Structure formats: C-alpha cells, structure tokens
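Have a look at the structure below before the remarks.
Model, not experiment: these values are computed from the prediction. Letters go in sequence order (proteins before strands), and every chain restarts at 1. Because only heavy atoms are used, hydrogens play no part in the values below, and waters and symmetry mates are left out as well, while side chains stay in.
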Amino acid sequence: MEWLALGSIEEIPALGGRYVDTPQGQIAILRNENDKIFAVSNRCPHRGGPLSEGFISGKIVFCPLHNWQIDLEKGEAMAPDHGCVKTFPVKIEGRQVWLGLEGVTP
Amino acid sequence: MNPVAVQHRKARLVVVGNGMAGIRAVEELLKMAPELYEITIFGDEPHPNYNRILLTPVLAGEMALEETILNPLGWYAEHGITLHTGSRVTAIDRVKRQVLTEDGCSAPYDRLLLAIGAAAAIAPIPGNHLPGVFSYRDMSDVEELTRSSELGGEAVVIGGGLLGLEVAHGLRARGMGVTVVHRRAWPLDKQLDARGGALLQKAMEDRGVRFLLDKESAEILGDTHVTGLRFTDDSEISADVLVMTIGIKPRIAIAQAAGLQCETGILVNDTLQTYDPRIYAVGECVQHRGQTYGLVAPLFEQAKVAANHLAEYGRMRYQGSVTSTKLKVTGIELFSAGDFMGGEGFEEVTLLDGNQGIYKKVILQDNKVVGGLLYGDTSIGPWLFQLMRDGTDVSAFRDNIVFGETHLGNSGHAGENQASRLADGAEICGCNGVAKGSIVRAIREQGLFTLEEVRKCTKASASCGSCTGLVEQLLASTLGGFYDSSPKKKALCGCTDFTHQEIRDAIIQQKLLSVRQTFARLGWRHPGGCATCRPAVNYYVRTAWPAEGLDDAQSRFINERAHANIQKDGTYSVIPRIYGGVTSPAELKRIAEVAERHNVPMVKFTGGQRLDLLGVKKEDLPQIWAELGMPSGHAYGKALRTVKSCVGTEFCRFGVQDSTHLAIELEKGLERMWAPHKVKLAVSGCPRNCSESTIKDFGIIGVDSGWELYVGGNGGMKVRAAELLCKVKTHDEVLEMAKAFLQMYREDAQYLERTAPWVERVGLDHIKAIVVMDVASRQQLAARLDFALSQEKDPWAEAVSGCLNIHAAPLRRIPA
C-alpha cells in the first residue's frame, strides 16, 4: 500500500467532501465537525450517488440522491437499508491529508 | 501519606414500574445520557416490558404473548440495568432515599421515577371478589380469561366503554356467548352520541354480542363461583365469567403513603416532578394540570420530558396533550376527538348513511374544528385531528369537510385514502416501494408508535411525504385506541427537541448568525446536525439576518451548493434564467453553440418556459456558465424559479393586459430569492389563463380593469387551486403585493413547506389582513424582501469570476 498526499485539510470544506480520481474509481474524502477525515468509495450502495456531495455529520454521510445514511467507520448503510461501501485508510500529518491505496505508484 | 482515592460512583436511578411509560422514559434517557445512572427497575408482573395495546389481539387469539414483548430481557442486560420482575414495591422511604419491596428488599436511589400505572376500577357491589370475576388490565388477566373462556359458556362484561367492547369482541372470538351491560342508553357514550352509539350497537350485535343498556348492577350472584348478575330493577342474567371494565384508577397508594401530593393521580408539574423534586412520575399514575391520561402518545410525551430532566438537560416542558380515541375491534371503524356532542354555541356538519353504517359529525366553533366523531369510515380522522390541534380556519372548505382532504382538490393519491380497506400488498409509499403489509408488520413486530419510528424502520413516507396521511391511518388502525397521531409539538429533527418555530425565535432573539452557532447555543445532540436540520437552520439564519448571517454552503443541499441540479448518474443540469420565458435568436444560438461544443447529451424545454442542458459533468459547470453568459435560473433551489407568461396584448388578439412585460418585471424584481421551498409564478394576459396562473404559488390574471392576484396554488404533488388574494390596477401594485406576500411566506412558513399548505395552515384571511388591508405592513414586508435580495449575487457570475468555489474539479487525480 502506498500513502498518497492529497493536499491540505483546508482544501476539503469543513462538514463537506471532495473526491479523488483513482485507477480504482472515485474515492470520496469527507471531513466531519472534528476535522476527522474519512475515505470511502464515492458510490452509494443504493443507486451509486456521489457520497462526496452528501451531508456529513459525526461518522455518517447522507447520500445526496435518496438520503441513505452510510456509517463511514464500518462502510455500511444504516438500518433499515443494507449495503456496503469500501473504506480506505487515511491519516493526517500536520495539515497534510494522506490516502492509503493499493496498486498505485507513489 | 497515600492519596485517598475518591470514588466517583454513578448516580442511582430507581424506576418503579416496568411498563410502557417507565421503559420509554428509560429509553429516552439512555439516548441522551447513557452513562449517567446506575439503573434499577422494579416491575410487579413477571414479564419484561410488553405492548399493553396488544392485549385484545392476544385475548382474541390473533397474537401470542411473546409477540407483544417490546424489550426482551437481553435489552436490560445490554444496558446494564438491574431488573426485578414479579417484585412489588410497597413503600418509599424519602428520608433514607430508598424503596422497599414486598419480599423485603430495598434499593437506594438518588432519583426515583414512578411509572406504576393504573388499576382496574372494581364496582363496590356484593360478590365482586367471587372466582370467575375478572378485571382487564394486564397479561395475567388475559391469561386467566383465556383459560376460563376455553370452558365456553356465558360471559357478562360490565361497562360498555372502549375496553369493555374490546373484551367482548375478544371473548366472542374465543367462542363464548357475550353480553355487555352498560348503565347508559348507548355504548361508548364517552366517545359517541346516540346516533353513533346505535350504529355501533348494531354492528356489534351483528357479530353476536348482546347488549343490556340502562342497567345498573346491584349484586354478583354465586356462592363459590360467579353464576349471574342481578340489577337494581331486580332482573337477573346468568354468567359463567364476569369482566368489569368500568374504568381505571391511577395507582397512588405508595406515593400517598410517602407524603407525595395526590388527587386522582400523583400530582406532577410541567417537568414531571412530584412534590419531592428527587421523585419524578410518568404515565397513567400521573395527574398533570388536572388531567390524567391513558393513551400511549401523551405518556410517551411525558416520558420524553422526564428523561430530558433526568439527563440534566433541563430544557423541555410538558404542557398537556390533546387526545383522540379509536376503537380496536376488527372491522369496526370509530374515531372521536374533542367535543363531539356539540349543542348551544356550536355548529355541526354531519353525514349519515345508515345502510352503509357511515356516520360523520364535525363540530365547529368560530370556523374551527373543536371536535368530531367518525363511524364506519375514519379515514379523515388524522386530518380532522390535525385541523383541531392546529386551530385551522376551515371556512374555505367547510362544505366538504366530512369528505376529507381528498375532496379539496388535494388528490395526491386520489381513491387511495382509506388505508384500512387496502389489501396487504397495496403500495403505500410510492417513493420507496413500501406495501401496507410491511408497514403493519413493522408496527406490530417492532413495537412502533409514531410516524417517525415507521419512517425510520420501513422508510415509508420518508421521502416526498405525500403518503404521510396513509401511514398515520395505518398506525391508527393497527394500534387502535392508544394511538394519538403525531405529537402536538414536532421537533425539527432527531438532533433537537425544539420545533421549527422555537428555533426561528431563538435565531432572531439571540441573534444567532450561523448554523454552527445555532447548534451550539441550542444544545444540538449531534454537533454536525443532519440532512434535515442543516438546510433548515441555514435558511432560518439567512432569512432572519440577510446581511450578517453566514450562508454556509455545507449546510445547503448539493444542488444549492453546486448551483445546478444533480441527476441520477451524478451529472448536473444547467438551466439559465430566461426572464418571463421570452428569449431571442442570439440567445438561442449561444445556448445551442454551448451545448454543441460541450457535447451536452440532452437539451430539453422545461415546464417553466426555459431550456435545460442535461448530463453536464460537475467539472464543466463553471466553463459552461462562462460561455452562456446568462444568470442562474435557480432551477435547482428552494428559491424563485420561473415567472411563466402568455403572449398578452403585444400579439394575442384576446389579450387585455401586457402579461409578458409584467412577467419580466416580476422575475427581475424577485430573482435570487431563497424561500422555504420552490416558488413559481405565472402571469396570464386575460381570463383564459393560458399561463395556468391558478396553480402557481403566486398567480396573476389580467382582466380589463387590472390584475387579479391568486395565491397558494400548486400543480405538482397535490393539486390545489390558488385563491384570490386581491385585485389591483398597476404593475407596481402587483410587484409590491407579490413581494409582501412572498416575504410573509419566507418569514412565516416552515422550511420545505410550500405556499399551498402554508396558506391552508395560516388561513387566507390572516394573510389578507397583513398583506392587503394593512398598507404599512405590506410596505415593510416588501422593503425587507428588497433588502434581502440586495444581499444576493448571481452565483454563476460569482463562480465564473472566482469569488465562489463550487469545488468542481477532483481534489487530486491519481494515475495508475
């Protein structure tokens, strides 16, 4: 796995998200009210909505298409819905955000 | 010297009563402060908390006891709660702060919650303790009654109230002969008038239940077991089983013995505290502002407030509940609420169809619903109850009131308004594809009581909300007499207990200038809020403080953040503003060229006389906006959309007014206006009304002498014809009236409430008084809107010039 620098945390709006284009598809990078960063596949398990455009709060993102709620820690849709999204490791050093990704060259 | 370890023990909460009210309070408490207390619960029944509402289905053999359990034993263990079942608390020692039980145990408390419920009232007549005489209160009554009914024979039920009729139904279903004895001239006299009572009696008789009315019981006969009942007129009836359902009495003995003030119930204040502030009480044992309650919704409201104070939030007050009742006997529909008898000083609207067994009666006072009773067809019950609680002015539709909402041109789901008559497979929620059967199952199996819970568990009515009425009917028909539709006070969302109005007031009074500040000041449960409250609060902040309030992009839905409408595949649609629907060859050419250059997959005319470029990638939005060089049409926002127009006097041979130019003036005067929901206008140049002004939020129709202004129309989800606001002469007058009306709507309506329901809720007369009659208030409203609009800039131009960042491009592109 490679750690890839995504940029400064300020480039991700607080309580908002951005996305990263990768060979494995888009990955949503989400920032919550405590500056915690989550990275998950940018496709809602329901109808493929871009999670990077949803509301984020705590460890939950609300999909912008049909308001499914996704638990970002578990990578699972919350009841009563069922479905999974892939989660990716992230770390913050200083203000720099890093994304852990397999199968890429740094 | 060794430091002395200070033991911080948790505060101890003892709950007496393991029923629905007490456990609901504990659940609410655990949601707010899961770690605050060490909790001990005493219940005198041997079961964990079960759903008392379902006693009758169990008695009738339609359900098993296990299916009624709300909190299995594992739930108590999981939350570290010590549960003592079959353990009766006999005394409260307020000095030592402990409770004592029958079997000699004691448990100390820091806070005590009494939820001891009520006991069945027993008629003080000889023989009332003979074997074979039952009350009907809890699962052990049901179990014993079931056993007795297996022997067959004759059952007599004393008391023809809700409970009595349900028992009669249950015992009849078990194969017994059943007679209901009632002291009044018709059954259910607390819920029905004589006419309704007669219909109900006939329906029950058709099911094999006999009635003895106007009968006062004198003595229960029998030596070792009940054999019959003698009345005060010396007539007799034989009985093998006798059930008393003459009412309930709050259990107050242990509270009274402990010196807590009691009357009918244990007296509590608005925070559900008894005379001793360490002791709270909720449920049927409580008397609040002179009232006692036996329905589940008020008890749950009380539980919520008590929990809020136990959790040391200290913010909520219980102010009493308005209740309605419904009988729960399969196949008999009955609903009553408020004052259903009417009389002097009241007006009555009634409908009686004796053959079909339908009777509807609505009691009005000053054009407001003060009560009603529905028999045979209760589908309008929840709606009627809402009108009653909201104090809605019904003068506009009182002629049709007994036919319900669907007859008000409000035909969201025409013909499907009677949920109870639908088959199990019938789709209730068209957005999420939820059938009636799954909703009913979820209500029963998962113990759901409120609309919110049904939305959460099944998703029904969680999207567009147009089936809310149907879901409420299903709740009512499944839960029967205990369901009290939605709580009187509706919190904005699960993040707070405050209502829309309370939040708005706080934003204005405390000058809260951002979503975050509002969340912090009002103690939001989740600091990040949710998808419901963030956009609502952002709107309220911006409306209250148009100059200083922060417009937080992250509190806006993606459409209003990207200034384009997100589509199912994650692309966007671009709709530039075309004032009044009037364009030019040059403008059309430019739009065509942009579409061609960017390979826009679809170009479509919208319903609002403009052009839609569909399938645009987010990354391309700013470039397309720049090339179009046109302002945003706000087609994606809770905002002013279009002002539709017809041709008007300039070309039309019928036109009597210049509709196109007025439409353009209006659109220029109102563009960039954010609102609680989308706002659509139309201007027609003559009464032929080709712009369909009468299904618009604000519609204008030209007549020879000037302009007629219509408000509150809707052509979408629920069709509603607009109502005439007033008539004016000049363009300037139209503009001022439109601005005043829309500003009043902006300041008063709840977020996501369109003008149609808002006008219905507040009443057209109220709007006329402020917007039409009062010149000063009209001018002030218009001025406030002008000021708010002066603070808004065209978002597309802002994005093109670099002042606004919509984060169009990905954060990073990572090559393989």
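Note: B:R556 leads B:K568, B:Q567, B:R556 in heavy-atom pairs under 4.5 Å with chain A. Contacts with chain A were tallied for B:I558, B:D552, B:D569; B:I558 has the most, counting heavy-atom pairs under 4.5 Å. Interface check for chain A: of the options B:H807, B:R534, B:R561, the most heavy-atom pairs under 4.5 Å are formed by B:R534. Contacts with chain B were tallied for A:Q26, A:E11, A:E33, A:R18; A:R18 has the most, counting heavy-atom pairs under 4.5 Å.
Of all non-hydrogen atoms in B:S555 and B:N538, the two that sit nearest each other are CB-CB, 3.8 Å. The nearest pair of heavy atoms linking B:H526 to B:C495 is CD2-SG, 3.6 Å.
Between A:K86 and A:E102 there is no salt bridge, since no side-chain nitrogen of the basic residue lies less than 4.0 Å from a carboxylate oxygen of the acidic one. Using a cutoff of 4.0 Å between basic side-chain nitrogens and carboxylate oxygens, B:E453 and B:K456 are not scored as salt-bridged.
Looking at A:L6, both its backbone and its side chain come within 4.5 Å of chain B, counting heavy atoms on both sides. With a 4.5 angstrom heavy-atom cutoff, A:D81 touches chain B only via side-chain atoms. Contacts of A:P50 with chain B are made by side-chain atoms alone, with heavy-atom separations under 4.5 Å and no backbone atom involved. Looking at B:C457, the atoms closer than 4.5 Å to chain A (heavy atoms on both sides) all sit in the backbone: N, CA, C or O. If you measure heavy-atom distances from A:I12 to chain B, the contacts under 4.5 Å come from the side chain alone. Proximity to chain A (any heavy atom under 4.5 Å) is restricted, for B:A808, to the backbone atoms N, CA, C and O. Proximity to chain B is limited to the side chain of A:F62, based on heavy atoms less than 4.5 angstrom apart. Looking at B:A809, the atoms closer than 4.5 Å to chain A (heavy atoms on both sides) all sit in the backbone: N, CA, C or O.
Judged by distance alone, the side chain of A:S57 and the main-chain N or O of B:G529 form a donor-acceptor pair under 3.5 Å. Looking only at distances, a side-chain donor or acceptor of B:E560 sits under 3.5 Å from a matching main-chain atom of B:K638. At distances below 3.5 Å, at least one donor-acceptor pair connects side-chain atoms of B:N559 with backbone N or O atoms of B:I566.
Between B:I814 and A:I27 there is no side-chain heavy-atom pair separated by less than 4.5 Å. B:P34 has its side chain out of reach of B:H79: every pair of non-hydrogen atoms, C-beta onward, lies at least 4.5 Å apart.
At a heavy-atom cut-off of under 4.5 Å, chain B is reached by no residue from residues 87-95 of chain A.
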query: Going through the distances and angles, do B:W796 and B:V574 end up as a side chain to side chain contact (heavy atoms under 4.5 Å, CB included)?
result: CA-CA 11 Å; B:W796 291 4; B:V574 172; 3.6 Å; yes
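Applying the side chain to side chain donor-acceptor pair (under 3.5 Å) rule to pairs touching residues 70-80 of chain A yields A:K59-A:D71, sequence neighbours excluded.
Once rounded to the nearest 0.5 Å, the distance linking SG of B:C533 with NE2 of B:H500 reads 10.0 Å.
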